[in-house]
Amino acid sequence: MQRLGKNIKGYSGETIDIEAVQNDCVAAAQRHGWTIEEIHPAPRRIFGLMHHVSRLTTHAPRIYISTGIHGDEPAGPLAASRLLQENAWPTGLDIWLCPCLNPTGFVLNHRENQEGFDLNRQYRAPEAAETLAHVAWLQRQPRFDLCLCLHEDWEAHGFYLYELNPDRLPSLAEAIIARVAEACPIDRSETIEGRPARDGIIRPDLDPNTRPQWPEAFFLITHMTRLSYTLEAASDFPLPLRVAALVAAVNTALKAVPKG
Ligand SMILES: [Zn+2]
């Protein structure tokens with residue numbers, strides 16, 4: 001499969017009605033017995049959707065999934081909606097899901113929020129209302145066993161991912177790539193976004209504390225988890241393929257996560 005070749009200086013593909021997609025997410029969550037929290041009120045509504053199986057005597061692995069932090073990456077919120085509609089989550093997991101962290105960005109079909117903040121650069125020193133609310137909400141949650149952040153990249157030649165795994169826990173990266181490769185091309189470039197990559201896997205060797213601008217994943221790995229994946233669908237391919245890739249990646253990660 002070839003790239004479409006139409007996303008040259010930025011993303012110029014399909015857009016989504018983010019309010020409709022978020023409404024679909026919330027309706028599906030309600031149908032399937034999830035708890036729904038409003039992290040930020042309208043007109044920039046951000047939801048935290050939670051489905052917990054743990055009881056006082058049990059501890060299920062805790063999974064956090066977020067997406068929609070960049071308003072020109074529609075496959076992420078669509079994948080969140082698909083996962084909620086399908087409701088085929090592996091059993092025995094506690095799940096937290098934020099289906100859209102940047103609603104005003106989607107209205108404008110651009111990466112930043114309405115005020116021009118790249119929300120995925122301000123988790124060290126939040127300024128935007130969305131990030132302030134999201135961080136405050138995260139700080140009320142317990143630590144997670146696995147975090148997945150769903151993104152898209154219009155420059156990529158296929159799907160790829162970043163792994164943050166400072167304790168060298170068993171990696172889920174190869175399993176995710178192998179499964180996604182059945183659904184769409186993998187970017188097997190040796191350098192992606194200026195970082196060494198191998199078979200679609202980037203393992204950045206860096207200390208977040210040396211970085212002034214934190215993406216969400218740096219906040220998560222510093223404060224909330226010891227294992228984080230940023231999943232990048234390639235937005236120069238058809239939208240249904242990208243959604244399928246992200247859904248397959250999430251499902252594979254959730255099946256592979258150790259059940260304690
Ligand atoms: Zn992104």
Side-chain angles (χ1 to χ4, degrees), residues 3 7-16 18 21-22 44 46 64-83 97-124 126 128 130-131 134-135 138 147-164 173 176 180 184 186-187 189 191-195 197 200-202 204 206 208 211 213-221 228-239 241-247 249-250 253:
R3 289 180 59 164
N7 298 285
I8 308 299
K9 288 185 182 150
Y11 179 63
S12 60
E14 305 89 333
T15 58
I16 52 173
I18 193 60
V21 173
Q22 288 221 91
R44 49 189 84 193
I46 298 173
Y64 168 81
I65 305 166
S66 76
T67 189
I69 201 168
H70 288 140
D72 56 353
E73 301 177 6
L78 289 176
S81 179
R82 170 88 56 86
L83 288 159
L97 170 60
C98 295
C100 181
L101 294 174
N102 177 13
T104 64
F106 281 93
V107 174
L108 299 164
N109 188 32
H110 66 43
R111 178 181 174 91
E112 299 83 6
N113 77 346
Q114 193 172 275
E115 286 75 33
F117 286 116
D118 183 341
L119 302 181
N120 207 33
R121 293 291 178 272
Q122 54 169 254
Y123 277 78
R124 186 165 195 168
E130 296 91 332
T131 318
H134 184 219
V135 166
L138 282 170
C147 291
L148 304 173
C149 300
L150 281 51
H151 284 254
E152 296 205 84
D153 180 348
W154 60 270
E155 291 176 293
H157 302 296
F159 179 94
Y160 66 94
L161 62 78
Y162 295 87
E163 178 183 77
L164 296 177
I176 294 171
V180 172
C184 85
I186 303 297
D187 190 335
S189 310
T191 304
I192 301 175
E193 292 285 300
R195 298 188 185 286
I201 300 169
I202 305 171
L206 54 81
R211 299 293 171 121
Q213 294 186 318
W214 280 9
E216 181 192 9
F218 283 10
F219 179 88
L220 294 169
I221 207 70
S228 157
Y229 292 91
T230 297
L231 308 171
E232 299 272 359
S235 48
D236 199 28
F237 288 87
L239 184 56
L241 192 83
R242 292 134 55 190
V243 176
L246 290 172
V247 167
V250 171

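Remember, it's a predicted structure, so these values are computed and weren't measured experimentally. As the structure lists them, so they are numbered: ligands from 1, and atoms in each ligand from 1.
For Tyr11 and His110, the ring centers sit 6.0 Å or farther from each other.
The tally of protein N/O/S atoms under 2.8 Å from the Zn ion (ligand 1) stands at 4.
Remark: the backbone N or O of Arg211 is paired with a side-chain donor or acceptor of Arg124 at under 3.5 angstrom.
His70 and His151 have perpendicular rings, their planes meeting at more than 60° on a 0 to 90° scale where under 30° would count as parallel.
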Before you tell me yes or no, could you show the steps for Leu220 and Tyr123 under side-chain contact (heavy atoms from CB on, under 4.5 Å), namely the whole-Å CA-CA distance, both residues' side-chain angles and the distance that decides it to 0.1 Å? CA-CA 9 Å; Leu220 294 169; Tyr123 277 78; over 6 Å; no
Begin from the C-alpha positions of Thr104 and Asn102 and carry the test side-chain contact (heavy atoms from CB on, under 4.5 Å) through to its verdict. CA-CA 6 Å; Thr104 64; Asn102 177 13; 3.7 Å; yes
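Here the CZ atom belonging to Phe106 is positioned 5.0 Å from the SG atom belonging to Cys100, to the nearest 0.5 angstrom.
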